[in-house]
Amino acid sequence: MTGPAPGLGQHTDEVLAERWDAGPVRAADRVARPGVDPARSPLQGLRVLDLGNFLAGPLGPMLLADLGAEVVKVEATTGDQMRPIQRVFASCQRGKRGVALDLKSPDAQPALEALVRWADVVHHNLRRPAARRLGIDEDAIRAISPDVVSCHASSYGPLGERADWPGYDQLFQACAGWEVLGGGEGNDPMWFRFGFMDHLCAMGSTVATLLAVLERDRTGRGQHVTGSLLGAAVLTNGETYLDRSGAAVEVATVDGDQMGTSPGHRLYPLADGWLALAACSPDHLAATCSALGVSGVDGLEASFARAPVRETVEALRAAGVPCERVGLDQGASFLDDPLIRSLGLVTSYPHAEWGALEQVGAFWGLGDLEVSLDRAPPALGQHTVEVLLEAGMDPADIDVLVAGAVAVQAVP
């Protein structure tokens, strides 16, 4: 960090005075890595070894798989601890091939070493003492492959007395103030159900990993990078800052009914559902009142209570007011929405155990480049033999691992 956010126009003269002699970079001037077709997907040819569990670890490698990386998920022979919650497990595993290994067994070491040598990136979210016991900590990985990029997604970050503490999403909601502010004025804190710190941690680890890959491609040196749930929580406090006098700037708080922060920015119950209104400017608020036929904001609640959702949304959108029907069933209704499907936000593929599987689709839009959404989440050990052969292991050695239950190969 080099300083606070700039003031309005603070660097205008400085930037305009700089010389920009290099000119634009033409597509023909870009140099692709050998064997990579830059027209297909941005991370084609990048090999990622995912050794994580739960959500904050595996989601980052899944995002890399979406971008075209070849991702191999290695999990215990008993499975990722999230597997029993199938919908959640599947939400962060697509695009990967699956290998099941008992890393607690010394007999698994040759397979682990082969996979690390295969990989450009090793990514996990195990606590460091557990990672050391399994031989997947930074030092152990670097001893096998000195130029590998390694990324650790942790709870509290790599330093301090809590560096090796466990952590879960709700803990960081709490320490960042979400559970207090979400409770509303005068209420007790509330419990948000699931995942947004995990998701931000995973995205942070994805960005850090990509920057480390870029640095390796520039210099040839491997990098160790980190992301954390605590870092994700701090990021969500971006609206909290001090003004020039040193006083904390006040932010809007949720009201005691937990419906919103103002008459124009809140949830409203309608005759047959709910509406989310974001009339955050005076013009939008005036347009809302006009569309509802009321003279001021005091009449909005009663008018909304008599109005049907569909017609109200249409009227407000026609008036240019940001609003949305509140989805009370966001499962099949989301996947079946024609607009959602046309935007590429639904993908489908055959799953080894479940048959036809549909999931939320692309997180990315990449112009002419492709997003890779053609591989379902793997069954436990679905690709064990295939991947170990590709990593250079002898078929007879793989057979020994499978026979001794050190590795699991799913039955086709």
Side-chain angles (χ1 to χ4, degrees), residues 4-9 169-170 172-197 199-200 232-330 333-334 337 339-340:
L8 179 63
D169 190 278
Q170 284 81 7
F172 299 92
Q173 295 174 21
C175 74
W178 278 88
E179 294 178 338
V180 170
L181 292 180
E185 294 179 354
N187 295 331
D188 292 334
M190 71 171 292
W191 180 275
F192 290 94
R193 174 62 187 94
F194 195 73
F196 51 99
M197 300 300 172
H199 284 77
L200 284 172
V234 170
L235 180 65
T236 67
N237 281 277
E239 65 180 356
T240 304
Y241 63 98
L242 304 180
D243 63 19
R244 294 184 182 277
S245 71
V249 174
E250 186 176 350
V251 297
T253 57
V254 177
D255 61 31
D257 293 330
Q258 297 180 330
M259 290 294 106
T261 59
S262 70
H265 201 190
R266 65 186 296 106
L267 301 176
Y268 281 100
L270 272 64
D272 57 347
W274 287 80
L275 177 84
L277 179 68
C280 299
S281 71
D283 288 346
H284 282 154
L285 197 54
T288 300
C289 293
S290 177
L292 270 291
V294 296
S295 59
V297 295
D298 291 342
L300 284 178
E301 187 169 2
S303 182
F304 274 127
R306 299 188 297 269
V309 171
R310 180 176 178 178
E311 289 82 352
T312 303
V313 169
E314 290 176 352
L316 290 175
R317 287 178 176 172
V321 177
C323 66
E324 187 62 66
R325 177 185 67 86
V326 176
L328 301 180
D329 175 11
Q330 286 292 74
S333 63
F334 178 91
D337 187 311
L339 174 62
I340 295 297

N-O pairing of Arg266 and Asp255 below 4.0 Å
yes
Could you name each residue pair satisfying salt bridge (charged side-chain N to carboxylate O under 4.0 Å, His left out) that touches residues 297-319, not counting sequence neighbours?
Arg310-Glu314, Arg317-Glu324
Residue pairs meeting ring-ring contact (aromatic ring centres under 6.0 Å, His included), one or both in residues 268-313, sequence neighbours left out, come to Tyr268-Phe304
Tell me the closest heavy-atom pair linking Leu277 and Pro263, and the distance in Å.
CD2-O, 3.9 Å
More than 12 foreign heavy atoms under 6.0 Å from OH of Tyr241: is that the case here?
no
Counting only N and O atoms by type, is there a donor-acceptor contact under 3.5 Å from the side chain of Thr236 to the main-chain atoms of Ala233?
yes
Tell me the salt bridge (charged side-chain N to carboxylate O under 4.0 Å, His left out) pairs involving residues 177-189, sequence neighbours left out?
none
What one should report as the nearest heavy-atom pair of Arg325 and Val309 is CG-CG1, 3.5 Å
Begin from the C-alpha positions of Asp283 and Ser281 and carry the test side chain to side chain donor-acceptor pair (under 3.5 Å) through to its verdict.
CA-CA 5 Å; Asp283 288 346; Ser281 71; 5.4 Å; no
Closest heavy-atom contact between Met197 and Ala232?
O-CB, 3.7 Å
Closest non-hydrogen contact found for Asn187 with Gly256 is ND2-O, 2.7 Å
Taking the side chain as every heavy atom from C-beta outward, state whether Pro308 and Leu270 have any atom pair closer than 4.5 Å.
no
Within the side chain of Asp169, is there an N or O that forms a donor-acceptor pair under 3.5 Å with the backbone of Phe196?
yes
With a 4.5 Å cut-off on side-chain heavy atoms, are Leu316 and Leu292 touching?
yes
Can you give me the closest heavy-atom contact between Thr312 and Ala307, atom names plus distance?
OG1-CB, 3.2 Å
Grab the two heavy atoms, one from Val321 and one from Ala287, that are nearest each other, plus how far apart they are.
CG2-CB, 3.7 Å
